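One structure is given here, and the rest of the page talks about it.
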Number of protein chains: 2
Amino acid sequence: MDRRASEKDDDTSAKERPTLKTLAFMTGLGVTTVSRALKDAPEIGAETRRRVQLVAKQIGYRPNRAGVRLRTGKTNVISLVLNTEHELMSFVSDIIYGVTEVIADTPYHLIVTPYSRSQDPLDPVRYLVETGSADGVIISRTQPNDPRARYMLERGIPFATHGRTDMGLVHPYHDFDNYAFASEAVRHLAGIGRRRLALLTPPIGLTYRGHTVDGFTDALSEVGASEVPFNTVTIDHSIEQIRMRTAQLMRREDRPDGFVSSAAAATLAIVAGIEDAGLKLGRDVDVVSKQSSELLHLFRRELLVVNENFRLAGSELARAVLGWIGGKEPGSLQSLSKPGEVQAYRHSGEK
Amino acid sequence: MDRRASEKDDDTSAKERPTLKTLAFMTGLGVTTVSRALKDAPEIGAETRRRVQLVAKQIGYRPNRAGVRLRTGKTNVISLVLNTEHELMSFVSDIIYGVTEVIADTPYHLIVTPYSRSQDPLDPVRYLVETGSADGVIISRTQPNDPRARYMLERGIPFATHGRTDMGLVHPYHDFDNYAFASEAVRHLAGIGRRRLALLTPPIGLTYRGHTVDGFTDALSEVGASEVPFNTVTIDHSIEQIRMRTAQLMRREDRPDGFVSSAAAATLAIVAGIEDAGLKLGRDVDVVSKQSSELLHLFRRELLVVNENFRLAGSELARAVLGWIGGKEPGSLQSLSKPGEVQAYRHSGEK
DNA sequence: TTGGCAATCTGTAACGTTTCAGTATATTGA
DNA sequence: TCAATATACTGAAACGTTACAGATTGCCAA
């Protein structure tokens, strides 16, 4: 029952990274047994299992990812697919942090897969699926009829979308309730006497634009206020363009006395446009804006804000993908984040 | 010379992803030959090479990453190591975009490796090196005597630092010239009559804090202005803390009439603090601030700004790591980005 | 003719893992 | 006692790639 004292490479040198072979040599078992012992397979004796796991921990064994991936196809990778051509996506870092928070104590790595405006958004997803580069995918800028979601559903690769689709297909998602945001914003503005409201919408084509517009419109008729069309720009436009269009709008006779803005950076532009037109925030017009970090109140204390937590979104999305990979029902991995109340300025400090 | 018509898996099914074996079967060559033909090895006939490469392109062959990685140890991965516990790192997305821009037409993937405040910053780096998870690493929040750089230098793994070290060791880096920024800022303030200046510094311990302080101090004596100490906070502190400290400072007799701020978010807090104390920006005090996106002028047009381009930083860092991996001299992969001029507000639009 | 050599091509082994198809030993049932 | 069966373990093969150590061929010099 003697073991050969030195296999070609399992000698005494402690410098190499330990493998199953190393463990097998040290415990006097076969690599198969070691492999199974480490993953709690049923046909391994209780003591053997404990012994192997102890030794593995002692010498800091870590499975070789390439070996596992080659053999099983499991990559232990989650890919976050991002559009890199949009100017002020400061929330991207929050999403990333949220994702990493969740996968921190799993074997998963996060890879960032970019695509630019010029590309078909399907390209990066197709690449990931064809090359089998990830076990799960997170996409954003979700559309009602999203080819990426359809494609991944067909191929059977787990994914989660930031934002919902509307194709009658079920898949995990996380979304912020933009319908609630927009309608609450309108109600709040109506509550402080604003009657002629304009909406700066999310980009055309994305699902949450529809939600936002619906919430806005429904609440308008509910409170009996009217809409001042502001359709020439979206939050995807440049700061300069939004500013210019806002100024133009505010110089007209029938200008709005309230704005609802779907993004903090765009709100800066709206306010600049308002002031370009010689009007004053809080007196001539009020603005309700979403924000992802609590900075707008420093900008103008008259602003009304609603917070959207992208770190939470990242965590929820990661949890959803991992859940799907782990065999849960896609339909059970959907979450909607409710907005808090519209917040006016209040500073706890001096004055 | 006949080839066996159907190897166990090289049959007619066109569904599986092509491998070298597939190519070998299609071209009638051995896998070794195919492998070499694809990487332009010298001992392959010119025509064979062309033929193999043509077929490979036709059927969309893509090398299996796990296979390559297992055999060669090459991961084709660059890791960006990030601290996830700092509040307003909006520039992180810019760095990521910069990196992805550069690695887009290489086989490299970008993985994001996080660590939190509670952890030793060396932990994630040690993990990457020990598990051989990346061919190259990018780190930020660089310190004069940085254990991470020293560690990676010892282990011989290519890396680049965002910011410089000061250990007498040579390695690739990219840095913004914060000495130039701070000294230019002081000169500009002096040029508009400000004589008592305060500096909101980068976090204690990071190399660029020293550069910033040096630039500030040197320029002070050059222009004959004096410093008002403002050492109780750094840009790592919370908005609320910076705001409070600024307000306290501005209520004192010997308050500064000029600020230099190393970060845009902190500048919002400084301005809020100034206004809390009942003073007015541009009249009682001027502020020069770095910013990474052009938003500060929308915030207060009296602000004086210097732009720092983090997307460029990301690109340069990626280029540096890839260069090192590719065999270039580490010493030749260092770059310093010069700040532009201090910019006062100018708006091209209406009024 | 022969040996040598360059030019091309090839099979085998190995990277570390898991799966398949066992083998050896002890335990049970009759 | 024997066979059947459960328990605990094992070697070999395979995933796709590259490196090593040959093979085969044709050509040239001697």
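Letters go in sequence order (proteins before strands), and every chain restarts at 1. Being a predicted model, the structure only gives us computed values, none of them experimental.
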Worksheet item: Are there more than 12 heavy atoms of other residues, nucleotides or ligands under 6.0 Å from atom NZ of K74(B)?
Response: yes
Fill in: Euclidean distance, atom NZ of residue K74(A) to atom P of dT19(C) [Å, nearest integer]
12 Å
Item to complete: Take atom CZ of R69(A) and atom C1' of dG16(C), then tell me their distance rounded to the nearest Å.
Response: 15 Å
Worksheet item: Contact class for T72(B) vs. all strands (heavy atom < 4.0 Å): base, sugar-phosphate, or nothing?
Response: sugar-phosphate
Item to complete: Tell me whether the centres of the aromatic rings in Y173(A) and H162(A) are closer together than 6.0 Å.
Response: no
Fill in: Closest nucleotide among dT17(C), dT17(D), dC20(D) to the V68(A) side chain
dT17(C)
Worksheet entry | Length of the line joining L20(A):CG and dT10(D):P, which is rounded to integer Å | 13 Å
Worksheet item: Tell me, which of residues 36-53 of chain B have any heavy atom that sits under 4.0 Å from an atom in DNA chain D?
Response: R36(B), K39(B)
Worksheet, complete the sentence: Rounded to whole Å, CZ of F25(A) lies from P of dG16(C) at a distance of 16 Å
Discussion item. On the side chain of T32(A), is there an atom forming a donor-acceptor pair with the base of dT19(C) - under 3.5 Å, no angle test?
Written reply: yes
Worksheet entry | Donor-acceptor contact present, side-chain T48(A) to main-chain I44(A), <3.5 Å | no
Worksheet item: dT18(D) C1' sits how many Å from K21(B) NZ, rounded?
Response: 15 Å
Worksheet item: Do R49(A) side-chain atoms and A41(A) backbone N/O form a donor-acceptor pair below 3.5 Å?
Response: yes
Worksheet entry | Check: D175(A)/Q334(A) side-chain N/O donor and acceptor closer than 3.5 Å | no
Worksheet entry | Closest to the L70(A) side chain, choosing from dG16(D), dG11(D), dT18(D) | dG16(D)
Worksheet, complete the sentence: Of the candidates dA12(D), dT10(C), dT17(D), the side chain of T33(B) sits closest to dT10(C)
Item to complete: Start with the C-alpha gap between E316(A) and R319(A), add the side-chain angles, then the distance that decides, and say whether salt bridge (Lys or Arg N to Asp or Glu O under 4.0 Å) holds.
Response: CA-CA 5 Å; E316(A) 286 298 311; R319(A) 246 186 284 274; 3.7 Å; yes
Discussion item. Can you pull out the residues from residues 58-67 of chain A that lie within a 4.0 Å heavy-atom distance of DNA chain C?
Written reply: Y61(A), P63(A), N64(A), G67(A)
Worksheet, complete the sentence: Per nearest nucleotide of DNA chain C, the residue lying toward the 5' end, V34(B) or R71(B), is V34(B)
Response to the item:
Rounded to the nearest 0.5 angstrom, the CZ-CZ distance for R150(A) and R155(A) is 13.5 Å
Item to complete: Go through the steps for S35(A) and T33(A) under the test side-chain contact (heavy atoms from CB on, under 4.5 Å), then give the verdict.
Response: CA-CA 5 Å; S35(A) 172; T33(A) 311; over 6 Å; no
Worksheet item: What's the closest nucleotide to the L29(A) side chain, out of dA13(C), dC9(C), dC9(D)?
Response: dC9(D)
Discussion item. Angle between ring planes, F310(A) versus F91(A), binned at 30° and 60°: parallel, tilted or perpendicular?
Written reply: parallel
